[in-house]
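Report on the structure given below.
The chains referred to below are lettered A, B, ... by the order of the sequence lines, with proteins before strands, and numbering in each begins at 1. Computation of the quantities below employed the complete heavy-atom set of this structure, encompassing side-chain atoms and omitting hydrogens, waters and symmetry-equivalent molecules. Being a predicted model, the structure only gives us computed values, none of them experimental.
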Amino acid sequence: MPTPTSPEPASDAAAEGGNEVPFRYTAALAEQIELRWQDRWDELGTFHTPNPSGPLTDGNGANADPAKRSFFLMDMFPYPSGAGLHVGHPLGYIGTDVVGRYRRMCGDNVLHALGYDAFGLPAEQYAVQTGQHPRVTTEANIEIMRRQLRRLGLAHDPRRSFATIDADYVRWTQWIFLQIFDSWYDEDAVRPDGGRGRARRIGELVEQYEAGTRSLPADAPATSWAELDSVGRRRVLDAHRLAYVSETPVNWCPGLGTVLANEEVTVDGRSERGNFPVFKRNLRQWQMRITAYADRLADDLDLIDWPEKVRLMQRNWIGRSEGAEVRFEIIGGDEVTVFTTRPDTLFGATFMVVAPEHPLLDEVPAQWPDGTHGAWTGGHDSPLAAVAAYRAQTAAKSAVERQADAGRKTGVFTGHVAINPTNHELIPVFTADYVLMGYGTGAIMAVPAHDQRDWDFARDFELPVVRVIDGPGDIEVEAYTGDGVAMSSSHDDLSLDGLAVTEAKRTIIAWLEEHGIGRGTVTYRLRDWLFSRQRYWGEPFPVVYDEHDLPIALPDELLPVELPEVPDYSPRTYEADDVHSEPEPPLGRNEEWVNVTLDLGDGPKTYRRDTNTMPNWAGSCWYYLNYLDPGRRDVVVDPELERYWMGAGHDDLAGVSGGVDLYVGGVEHAVLHLLYSRFWHKVLYDLGRVSAVEPFRTLFNQGYIQAFAYRDDRGQPVPAAEVVEDAEASTGFTWQGQPVTQEYGKIGKSLKNMVTPDEMYAAYGADTFRLYEMSMGPLDLSRPWDTRAVVGSQRFLQRLWRNVVDETTGEVTVVDVEPDQETLRALHRAIDEVRTEMDGMRFNTAIARLIVLNNHLTGLAEVPRSVAATAVLLAAPFAPHIAEELWSRLGHEQSLAYESYPVADPAYLVEETVTCVVQVQGKVRDRIEVAPGIAEDELVALALASAGAQRAMDGKPARRVIARPPGLVNIVV
RNA sequence: GCCCCGAUAGCCCAACUGGCAGAGGCGUUCGGCUCAAACCCGAUCCAGUGUGGGUUCGAAUCCCACUCGGGGCACCA
């Protein structure tokens, strides 16, 4: 007999059949209770979180009690998509709600609210399809999502919710942008935390230039500040800004019509959204100088309590590597600086490679030098032709193709010849796309003997391989990249021979520095953050351009710059592989908006607005600050509130970094949002706007809920809810009689395995749904959804209900008696264990302890009132509605939200007797009941005398006895 | 290719610093309740911890190698 995999909801006797048990805890009763309590919480402002001062008070109109510990709890806020929620979405929100309710009952002042991350591509694409303004659909989606989430009974402060598209919010996003724009990074300035290097106002840079304490950059058109005209000065300053416009190679995605950040391009060179090919193009775009913070972003990971995995991912992304820069002279007068992590192998450099975009290639010799190897020319008559052809060829390559070609070495001789600064040997300069312009200096010295990529290139182009590190292996077969002692590395005043790698590096770097041809340096994989997008649905830049085409910040009183109406919301898109296309942002279509007359201090003038918008990440970079006081709008964040909720040492969890006490979200944001947000926070820290060193003190990654899906023999997904288990089918499952195969995957429409929270509310109620999600397993683990198992959580709540309320009469059945010793012990053990598990966020095991206690109560003839009340409090964080209902039926007028979470009495935790395991040779042979405080010799004597031990020892003497009183004795014979 | 994480009963998952493999839930089967059924109550079934080795009095737990699954990075000099 086949059984359905997704059965009917638990039958609802009260609703369906007669009314024999009108007070059974069914889905219908749960709904009544839940809706009633949700309304009540709203009416009373139960979860209004008080600030220590200001208008945000608690439900009784009071500010925060300074004696209470503050606890700032956050979810990664949702994107309000129109697709609707499935059962996987609320997992993290339920988890944080449990933490928040628990911490609140432990006496903390808990800040927990939920905003909406509402700019972005899906809303824009929907608007393009429907012609409706994205604001209309986005706000409608937010309303739908609010309703769905409210039904869960989340204890959020509703006054602190907001969306990143709100004008009030956009204003401050733009304001922060302008702070970054008005900043430069002073490597030498000392920070409040004692470290070196921090952002400072541009005004302070001007002061330094005016005073002559800082010299102009080498490429400035004058030698002193005074000689520069105002445009020249602005150019110098603009080049220092932390937000700057520059023409650099960026990721251009014709299929989306926009440029993308490195972080938004997948490993195989496609756009994360839409999966279109991405090309490297030189375009003039906004960048954020996140690289200035590379060291701090890497180092401060040690200060925060994050999953090791995420810290590792951030470290890898930042990719710090230490090495040296070495200047090579090029015959004919040029110079090229290379970066290497192995300066100790400098004597083994037999050629040089520059990236195809390298400026050295803007001029190349007219003719091949004498003796040029035939294989080096690529068949061209001159270096000019060869380099031009190679540059064109690589420019047309998409990142996908580059990826596919990785490992295969292409390149061409440039006609340039460099001089190895150590031994003065002449070495040819090649260009090849395995050297990237964006990393290091875009040029390398090639040491084929000790680098596999260089070795591959040398083999293909028949270049010499010179061994300079002694070690095993044959460099005719492959490069030797291991450690070893330097050899063949001496000339004139320098010898590395005999030195180990570390020592050789130190020696050569000192020599390079002494001779002014190089220096020790650090390079990062991290690039500056490409910050503009050619899209409509994002924050406009609060910047205009004058006749010199230089950016000018708008004054604060002109913020927010709001989005103009445009005839068409989409950027111009192109064939996905149209390399030569140009970005064309939609904001440019409103000429009236673009050209604006303003008086910015020197009379009314016409300016041109920036037609780009900020990337979706901008809004999520600082939203945690907005929860602190979303109403207040004269500062980005009140310093007093920031210190109270986030400051270093604001509670015993905050550590030296400070920050949000607990931040829960998916691991998919490990490098994007979490890195950008940390960067913005550090700029705000440098500018004195926040006191915490880091935005998020503790990070927790919740797992994903996935579900089984089924496909028919053509591979088409079939509705999972209609599939039945069928032992007779070859695959074990059938759908409408035909065998289907099972697979495990994401919940969604495409796999036809969608299960929605709404279905769960209807079939079981929110408390059962919450309890089930929390009991499935550890919060950080991904697990399969199983609708069939939800009933177990409902049964638990029904038993809890029945322990207090008579299902037939609705009367409270608890009695005012003293609990017996056994019940007291069960109760206090449960309290103790539940608290331990709650503190460790192990909700699945906490629930298991609750079930044990509840099952004990079920076995009693009558349930003592005090015990029932305690059990209700214990369960309240998980199933708040039924808990409130029972608490009220037990005679309490106030919500239990602020009741103290029960504390165990240690007197009931000590056992009268302990079972001691008697092992012989490590195998259990007997058990004896002993007093917990039994002395070791007495225990050993009892164990040796036990029947099981005697039998197992078989008359042999005990050679050794290991005793761990009172629980274990192991006898070795 | 490199780096992380994981593997315990038919399924989801427990097991404190190494110390009785089972807390809880789903499922199975059986009994009680019932005129009968559902619900409920009680019981029951089921693994020696992915594989192979090592350390130890004792290993799910520590070490080594491997297999499978999930994730991250990948021409970064």
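When each of C40(B), A77(B), G58(B) is scored by its nearest atom to the side-chain atoms of Gln798(A), the top-ranked nucleotide is C40(B). With C41(B), G24(B), A77(B) as the candidates, the nucleotide lying closest to the side chain of Ile444(A) is A77(B). Listed nucleotides C26(B), A14(B), G25(B) differ in distance to Thr845(A); the shortest reach to its side chain belongs to A14(B). For Arg849(A), whose side chain is taken as the heavy atoms from C-beta onward, the closest listed nucleotide among C41(B), C13(B), A14(B) is A14(B). Distance from the side chain of Leu312(A) is smallest to C4(B) among A77(B), C13(B), C4(B). Among the nucleotides A23(B), C57(B), A77(B), the one closest to any side-chain atom of Ile962(A) is C57(B). Side-chain atoms of Lys409(A) lie closest to C75(B) of the nucleotides C12(B), C75(B), G24(B).
Aromatic ring orientation, Phe708(A) versus Tyr744(A): tilted (interplanar angle from 30° to 60°).
Comparing Arg960(A) and Leu968(A) along RNA chain B, the residue whose closest nucleotide (by nearest heavy atom) sits nearer the 5' end is Leu968(A).
Judged purely by atom type and a 3.5 angstrom limit, Thr341(A) has no side-chain atom pairing as donor or acceptor with the backbone of Glu322(A). One N or O on the side chain of Arg311(A) and one on the backbone of Leu301(A) form a donor-acceptor pair closer than 3.5 Å.
At the heavy-atom level, Arg525(A) lies under 4.0 Å from base atoms of the strands shown. Backbone-only contact: Arg799(A) has heavy atoms under 4.0 Å from sugar-phosphate atoms and none from a base.
Between Asn855(A) and the phosphate of G25(B), there is a side-chain N or O to OP1/OP2 separation shorter than 4.0 Å.
The partner of A9(B), taking Watson-Crick or G-U wobble pairs whose two distances both stay under 3.5 Å, does not exist in any strand shown. The base-pairing partner of G58(B), taking Watson-Crick or G-U wobble contacts with both distances under 3.5 Å, does not exist among the strands shown.
We find that Glu822(A) and Arg825(A) are not joined by a salt bridge, their nearest charged nitrogen and carboxylate oxygen being 4.0 Å or further apart. The pair Lys409(A)-Asp454(A) fails the salt-bridge criterion, with no side-chain N (NZ, NE, NH1 or NH2) lying under 4.0 Å from an Asp/Glu carboxylate O.
Under 3.5 Å, the side chain of Gln919(A) and the base of G19(B) form at least one donor-acceptor pair of N or O atoms.
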